[in-house]
Amino acid sequence: MRYSVLTLFPDAVLPYTHTSIVGKACDKGLITVEAINPRDFTANKHRKVDDTPYGGGPGMVMAAQPLVDAYESLLALAEPSITLLTSPGGRPLTDGWARKLASLQHIVILCGHYEGMDARVHDCIPNVHEVSIGDFVLTGGELAALCVIDAVSRFIPGVVQKTESVDGDSHSATDIYPKGLLEHPHYTRPETFRGYPVPEVLLSGNHAAIAAWRHQQALDKTRRIRPDLLP
Ligand code: SAH
């Protein structure tokens, strides 16, 4: 998978992609992440990337030209599989969408800043979809881009050691629970920590009883915290 992130702040994106599981996926050549700065594509001599909004109002708007030209610089070889425009008004990023995106070859992610982007960026780029990482507003799209890269990469074979570890995670859809459940709690050594023992059943070696306990825990937690996920 190739990710191309269009951002005014490459330094906010690239260090994370050299870290931990995503970093290892880069080292193994399973993914590549590049940052392209729209400021390098400005057509004005002051390299200005934003301007005041038509119609008035507070804040600055990212101009369309540097973003669209930066996007078009990627077209020399082939059209990207999809372009994601980060926005609090976008389609929510879910586990299911991340799984589907993981089968693509090349994802372009556009990061806004300030008040957002000129709406004509959307008009000029084919196969573009707005993506939101939640019902809150960030100051820029860089963290959203990283969320997409991280959540999608987990589903690329070889990125996470064991595939069953992603399939059993919170939000993984099953036939009975199409929106997934929240995962059961985990415990590791020691057996007692600050007076809190590990639940007996996990020490029993009885795999069926452990599976049943974990499922019940997942169900209870989902009912308590995210009843909206239950069918
Ligand atoms: N004025 C806009 C918010 C702009 S926030 C509005 O009210 O909708 C600046 C940039 O941060 C956005 O262009 C987008 O790239 C990013 N951003 C903010 N919140 C986000 C979210 N929840 N999901 C994805 N991107 C977000």
Side-chain angles (χ1 to χ4, degrees), residues 1 3 12-31 33 86 88 90-103 131-231:
M1 170 74 80
Y3 300 99
V13 174
L14 293 177
Y16 183 81
T17 68
H18 299 135
T19 309
S20 187
I21 295 174
V22 172
K24 288 207 184 85
C26 285
D27 293 344
K28 287 195 227 162
L30 297 169
I31 66 170
V33 184
T86 56
R91 170 179 166 186
L93 180 67
T94 60
D95 194 78
W97 194 15
R99 264 176 212 268
K100 288 195 187 114
L101 291 170
S103 64
V131 59
S132 165
I133 61 158
D135 291 346
F136 46 81
V137 178
L138 302 165
T139 57
E142 287 71 21
L143 286 172
L146 287 173
C147 287
V148 170
I149 291 168
D150 196 299
V152 170
S153 297
R154 291 172 67 248
F155 296 115
I156 295 172
V159 171
V160 173
Q161 293 286 331
K162 293 188 179 145
T163 45
E164 58 282 14
S165 77
V166 291
D167 286 337
D169 276 332
S170 300
H171 304 294
S172 292
T174 62
D175 289 344
I176 304 172
Y177 302 103
K179 292 184 185 169
L181 296 175
L182 304 181
E183 206 193 30
H184 58 78
H186 296 278
Y187 295 86
T188 186
R189 271 176 270 279
E191 258 184 55
T192 302
F193 179 69
R194 300 210 173 168
Y196 293 98
V198 170
E200 271 300 314
V201 63
L202 298 179
L203 308 173
S204 68
N206 179 340
H207 296 300
I210 291 169
W213 180 84
R214 285 180 167 163
H215 179 67
Q216 194 56 48
Q217 291 285 317
L219 209 51
D220 291 348
K221 184 172 185 189
T222 310
R223 199 169 285 133
R224 212 169 54 244
I225 295 174
R226 293 291 306 275
D228 58 298
L229 298 176
L230 292 171

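These numbers come from the heavy atoms of this one structure, side chains and all, not from hydrogens, waters or symmetry mates.
- Heavy-atom contacts from other residues, nucleotides or ligands closer than 6.0 Å to CG of D135 number 12 or fewer.
- For the atom pair R226 CZ and H171 NE2, the distance stands at 5.5 Å (nearest 0.5 Å).
- Remark: H186 NE2 is packed, more than 12 non-hydrogen atoms of other residues, nucleotides or ligands lying under 6.0 Å away.
- Contact between A218 and L182 at its shortest, heavy atoms only, is CB-O, 3.2 Å.
- What you find for G205 and I210 is that their closest heavy atoms are N-CD1, 4.3 Å.
- With rounding to the nearest 0.5 angstrom, the CG atom of L138 is 8.5 Å from the OG1 atom of T86.
- Atom CG of D95 is separated from atom NZ of K100 by 10.5 Å, given to the nearest 0.5 angstrom.
- Within a 6.0 Å sphere centred on CZ of F136, other residues, nucleotides and ligands contribute more than 12 heavy atoms.
- Contact detail for P185 and Y187: the closest heavy-atom pair is CB-CE1, 4.2 Å.
- For the atom pair D220 CG and I225 CD1, the distance stands at 10.5 Å (nearest 0.5 Å).
- Here the OG1-CD distance, from T222 to Q217, works out to 10.5 Å after rounding to the nearest 0.5 Å.
- In terms of heavy atoms, G90 sits closest to S132 at O-CB, 3.5 Å.
- Results of the side-chain contact (heavy atoms from CB on, under 4.5 Å) test with V159 over V166, V22, L30, V152 single out L30 as the only residue that passes.
- Heavy-atom contacts from other residues, nucleotides or ligands closer than 6.0 Å to CD1 of I21 number 12 or fewer.
- Counting non-hydrogen atoms of other residues, nucleotides and ligands closer than 6.0 Å to OH of Y177 gives a total above 12.
- Remark: K162 NZ is loosely packed, at most 12 non-hydrogen atoms of other residues, nucleotides or ligands lying under 6.0 Å away.
- Two residues are said to be in side-chain contact when any heavy atoms from C-beta on lie closer than 4.5 Å; T174 and D167 fail this criterion.
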Item checked: Stepwise side-chain contact (heavy atoms from CB on, under 4.5 Å) test for V198 and R189 -> CA-CA 9 Å; V198 170; R189 271 176 270 279; over 6 Å; no

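- A donor-acceptor pair is defined here as one N or O able to donate and one able to accept, closer than 3.5 Å; no such pair exists between the side chain of S204 and the backbone of E200.
- A salt bridge does not link R154 to D150: none of the charged side-chain nitrogens sits closer than 4.0 Å to a carboxylate oxygen.
- Residues A151 and A98 approach most closely at O-CB, 3.9 Å, considering heavy atoms.
- Under 3.5 Å, the side chains of T17 and Y3 contain no donor-acceptor pair of N or O atoms.
- The heavy-atom pair separating V33 from C26 by the smallest distance is CG2-SG, 4.3 Å.
- Atoms CG and NE2, on L181 and H215 in that order, are 6.5 Å from each other to the nearest 0.5 Å.
- Between I149 and Y16, the closest side-chain pair of non-hydrogen atoms is not below 4.5 Å.
- Side chain of S172 to backbone of G180: no donor-acceptor contact under 3.5 angstrom is found.
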